[in-house]
Structures are given as structure tokens and as C-alpha cells.
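The sequence lines fix the lettering, A, B, ..., with proteins before strands; numbering per chain opens at 1. Both backbone and side-chain heavy atoms feed into the values below; hydrogens, waters and symmetry mates do not.
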Amino acid sequence: MFNAGFADPVHDAQQAFRAILDALARPGTTHALASAQEKIGTISADLSSVMLTVTDHDTPIWLSPNLLNDITRQAIGFHAGAPITSDPAQAMFAFIEGALPSLDQFNLGTQDYPDRSTTLVVALPALEGGSELILRGPGIEDHWHISPQGLPDDFVTQWSANRDLFPRGVDMLLVSGGKVMGLPRTVRIGEAH
Amino acid sequence: MNGVASYNFAYLDEQTKRMIRRAILKAVAIPGYQVPFSSREMPMPYGWGTGGVQVTASIIGQNDVLKVIDQGADDTTNAVSIRAFFAKVANVATTTHTADATIIQTRHRIPERKLEAGQILVYQVPIPEPLRFLEPRETETRKMHALEEYGLMHVKLYEDIARHGRIATTYAYPVKVEGRYVMDPSPTPKFDNPKMHRSQALQLFGAGREHRIYAVPPFTDVVSLDFEDHPFEIQHFEAPCALCGAEGVYLDEVILDDRGGHMFVCSDTDHCEERRQAGHVGDQGMREAAE
């Protein structure tokens with residue numbers, strides 16, 4: 001009843017990890033995730049790819065309600081073994097499709113341990129073609145334009161509040177069409193006018 | 001099976017790699033902050049780069065080309081054994097040429113050649129906490145980082161000036177990353193500090209014994225601490241490399257005999273070899289060629 005995870009668990013996970021690493025090290029750039037594989041339960045192949053790469057029994061995960069069903073629960077238990085939490089503030093990773101919940105309900109880390117914050121993995125309709133945003137910060141030589149579709153209207157305001165918490169705050173991975181884009185908490189996002 | 005049969009690819013098991021990978025991702029998101037991780041026993045003693053090896057093992061893939069340097073040299077014991085280790089357990093290509101490498105693991109030098117986008121520099125770090133010799137308690141140093149309370153570090157540098165007339169720290173010279181965290185650049189000579197500033201390469205730091213991983217993403221500000229009236233300065237050498245004639249590079253002193261004879265040569269062996277191949281000759285290099 002379970003679909004396959006990665007076709008080649010060791011090397012696909014390594015390839016997907018490097019894509020995620022490059023994405024976070026160079027915010028706004030897109031990187032191809034590991035070769036397409038069957039998805040986990042009913043969640044998208046892109047989210048599945050990231051889930052297989054970074055989660056296991058050590059990482060409580062939160063899923064947006066529309067992703068939660070018995071098939072997915074069982075498949076996650078089988079492939080990743082990650083405990084599913086209903087409290088976003090307990091999650092090390094959050095997997096989201098559809099409406100983006102407000103960022104401040106996730107774990108923002110503490111001043112002593114800012115690394116304990118949630119990483120949000122968000123499936124979007126597309127990573128380009130939306131309204132244009134300008135990124136600045138570490139990993140970007142000067143500035144960088146992105147135009148992901150499907151982020152909420154108040155995203156820039158929410159992100160700005162998240163940025164102000166530094167070194168606390170959430171990090172985001174945007175995925176779509178086999179690609180991943182990273183928005184680490186250090187990045188400053190402005191609207192292009 | 002090409003000698004990799006006995007171990008998982010790159011030695012570490014997949015769960016360990018995931019744990020280290022998660023630490024690396026958080027380290028990149030919080031430049032200069034030391035992320036705790038569950039360091040594993042490696043088949044080499046602490047002090048031989050177990051932290052760097054674990055970072056490299058977690059990021060390396062089949063298509064990577066690995067270079068390992070020890071004090072700038074590709075041909076010293078530590079560098080040779082770590083290169084052989086990954087050639088065996090990951091079956092990856094290795095090189096001594098900085099330009100050809102995708103991952104460079106280093107013990108205490110940054111190559112002279114400017115690193116490029118897409119390259120990853122992995123540092124072996126003995127003591128990751130820059131405040132450790134000033135404050136031995138982890139609970140306290142953690143609080144100091146949390147509160148951005150770095151006065152003690154400036155007092156230390158000031159005491160240098162009071163005692164020696166200048167900042168006497170020459171290696172592991174503390175830096176501030178992206179205006180927030182004070183970070184130990186590992187015991188690289190301060191000569192290399194400016195190379196970390198807005199480097200195009202991703203820089204990852206692994207401290208195995210101390211269970212810490214930290215990172216500096218590309219194009220990130222890395223500023224050496226100093227005072228207005230005692231600005232940060234790098235070492236300068238009076239003579240160029242004796243073998244290749246390079247100036248503006250970090251030199252090692254090599255003792256030639258028991259009568260005080262010595263010469264200064266490039267610490268970066270690959271850089272020196274490439275220059276000599278290109279026809280550059282230093283003082284002693286010429287003599288060597290003439291003999």
C-alpha cells in the first residue's frame with residue numbers, strides 16, 4: 001500500500017540536501033530537488049522529497065490540516081517515522097500546502113537557542129510569475145528578485161516581523177515543480193514598486 | 001564494490017547524516033551561531049578533524065571533487081589521510097587543485113586562490129567558542145551570545161594593546177559575522193580573515209570534540225574586531241616566497257640546516273606549485289633549478 005520513497009535513498013537524499021543547502025545559502029535562487037519519486041501519502045512529491053531528506057524520529061513535524069489524512073499519516077510513519085504534532089509551536093518542520101498560517105504561531109526559537117525554531121516547507125503553485133519581491137541579506141551579492149505565487153498578501157509584513165526577531169525566527173523553504181527556494185531568517189524582503 | 005561495501009556511503013549512517021544536515025541548515029540560517037549537534041566517534045582521534053570530517057561526510061556526493069589541506073599543504077599526514085578516507089568510504093574524486101575542487105576541507109588555512117560560487121570550504125575547528133578562554137562556563141558564554149554581550153572580547157584585545165602596544169593575537173582572530181555573532185574563524189592565521197569577508201564560497205565549520213557546527217553563507221560580512229586607533233592588520237612578509245616568488249601570500253619558515261639557514265615559502269602548496277609551473281621562480285627556487 002505504500003509508494004516508494006527515494007529510488008536511491010542515500011544519493012537522492014544527499015542530492016536533495018545539497019539543493020536545500022544551496023537554496024538557503026543563496027536565498028531566492030532555485031535548485032532542483034532529487035529525482036522525482038512517488039509521493040508520500042497524498043502530499044506533493046516536492047514536500048515528500050524534503051520530508052525524506054530532513055525528517056526522522058527525532059523531528060516532530062506539523063502538517064497543514066488539508067494534508068492530514070490516514071493514508072498520509074501511515075505513509076509518514078513508514079517512510080520518515082517523524083512524530084506528527086498538532087501544535088505548530090512544537091514542530092521542527094512544518095509542511096504546508098494551501099493557505100500559509102501566520103508565522104508567529106510556529107516555534108521561533110529562543111535567544112539562547114535560536115536554532116530550535118521551526119523550518120517551514122511550503123508548497124506553492126509556482127516559484128515565479130507572482131508579484132515581484134526584492135531580497136537582500138547574507139548569501140546575496142546585492143539584491144535578488146523573486147516572484148513566487150501563492151504567498152499571502154501580508155507576507156512581506158509578516159516576514160519583516162520575523163526578520164526583526166533575529167537571531168530568533170522561522171526559516172522557509174518554498175517548493176514547486178521539483179525545485180526548492182530558500183528564505184532563511186536573515187533575508188530582508190521588500191516589495192518591488 | 002570499489003571498496004565502499006563495508007560502510008554506508010561516506011561512512012556515516014543516514015540518520016546521523018540527517019541530524020548533521022539539519023544542524024548545517026540552521027547554521028547557514030543563523031550565520032556565526034554555533035549549532036549544537038550530536039558528534040559521533042570517528043575512526044580518527046579528536047584533533048585530527050573529526051568535526052570537519054563529519055560535515056564533509058554529510059554534504060559530499062558522488063560527483064563532488066574533494067581537496068583537503070593541512071596548514072595550506074595537500075601533502076601532509078592529516079590531509080593525505082582524510083583524502084584517502086573519503087576516496088575509500090565515498091569513492092569520490094580527489095584533487096590538490098583549488099580550482100577543481102567542489103569541497104575543500106581545511107585545517108587552518110584558506111587557499112590563496114579566490115574561491116568561487118558553488119565551492120564549499122569546510123573548516124576543522126578545535127575550540128569553536130571564541131569566548132571560551134575568557135569565560136569557561138558554557139552557560140555564561142551562551143548568555144553572552146544571546147545578549148550580544150561581547151565587551152569581554154574587546155577588553156582582551158585592549159589588554160593586548162596595553163601589554164604589547166598592539167593587538168598581539170595572530171591566529172584564531174575573533175570576527176563579527178553579519179554584525180551580530182562574534183565567531184572564532186578557527187586557528188587560521190589572521191592573514192586569512194579578510195578572505196572570509198563576502199566570500200563567494202559557502203563556509204562551514206565543524207568542531208567534533210565540542211559538538212558544534214557553524215557557518216558563514218556566501219556574501220556575508222565577516223569583520224575582524226579592532227579599535228579605531230588600532231585597526232585590524234594582517235601579517236606582512238619582508239621577502240616573497242623563496243620558491244615561486246609570490247608576494248602577498250602567507251609564508252611558512254623552513255629550516256634548512258643547523259647554522260641558522262632558513263627560507264620562507266608559500267604555505268599554500270598548490271598555489272606555489274601552480275606558480276612554479278607557470279614559470280615563476282623565487283630566490284632559492286632558481287638556485288635549485290641551476291644545480
Less than 4.5 Å to any heavy atom of chain A: does that hold for the side chain of Q200(B), its backbone, both, or neither?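 Contact with chain A involves the backbone of Q200(B) alone.
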Heavy-atom cut-off 4.5 Å, strictly under: side chain, backbone, both or neither for Q15(B) against chain A? both
Atom CG of D164(A) with >12 non-hydrogen neighbours under 6.0 angstrom: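 More than 12 within 6.0 Å, yes.
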For atom CD of E128(A), is the number of surrounding heavy atoms from other residues, nucleotides or ligands below 6.0 Å larger than 12?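 It does not: E128(A) CD has 12 such atoms or fewer within range.
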I'd like to know if the side chain of [X] and the backbone of [Y] have a donor-acceptor N/O pair within less than 3.5 Å.
| X | Y | result |
| --- | --- | --- |
| S49(A) | A45(A) | no |
| N107(A) | T118(A) | no |
| S48(A) | I40(A) | yes |
| E129(B) | L131(B) | yes |
| D56(A) | G81(A) | no |

Pick whichever of [options] has the most heavy-atom pairs under 4.5 Å with chain B.
| options | answer |
| --- | --- |
| P138(A), G182(A), P184(A) | P138(A) |
| G169(A), P27(A), A25(A) | A25(A) |
| D142(A), D112(A), D22(A), I140(A) | D112(A) |

The single option from T95(B), N63(B), D64(B) that satisfies side-chain hydrogen bond (donor to acceptor under 3.5 Å, both in side chains) with T102(B) is D64(B)
Would Q105(B) and T56(B) count as a side chain to side chain donor-acceptor pair (under 3.5 Å) here? Give the steps. CA-CA 7 Å; Q105(B) 182 171 329; T56(B) 300; 2.8 Å; yes
I'd like to know whether H11(A) forms a ring pair (Phe, Tyr, Trp, His ring centres under 6.0 Å) with F9(B), so could you lay out the CA-CA distance, the side-chain angles of the two residues, the decisive distance to 0.1 Å, and finally the verdict. CA-CA 8 Å; H11(A) 299 296; F9(B) 177 78; 4.6 Å; yes
What residues of residues 205-222 of chain B make heavy-atom contacts with chain A at a cutoff under 4.5 angstrom? P217(B), P218(B), F219(B), T220(B)
Interface residues of residues 16-26 of chain B facing chain A - non-hydrogen atoms under 4.5 Å apart: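 So the qualifying residues are K17(B), R18(B), R21(B), R22(B), I24(B), L25(B), K26(B).
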With a 4.5 angstrom heavy-atom cut-off, is it the side chain or the backbone of [X] that approaches chain B, or both, or neither?
| X | result |
| --- | --- |
| I20(A) | both |
| Y113(A) | both |
| T55(A) | backbone |

Hey, would you say the F86(B) and Y11(B) ring centroids sit under 6.0 Å apart?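 Centroid separation for F86(B) and Y11(B): 6.0 Å or greater.
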How are the rings of W159(A) and F155(A) set relative to one another: parallel (under 30°), tilted (30 to 60°) or perpendicular (over 60°)? tilted
Determine the interplanar angle of the Y181(B) and F166(A) rings, folded into 0 to 90°, and report it as parallel if under 30°, tilted if 30 to 60°, perpendicular if over 60°.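 Perpendicular, since the angle between the ring planes exceeds 60°.
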Using a cut-off of under 4.5 Å for heavy-atom pairs, which of I30(B), V28(B), I120(B) has the most such pairs with chain A?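 Most pairs with chain A among the choices: I30(B).
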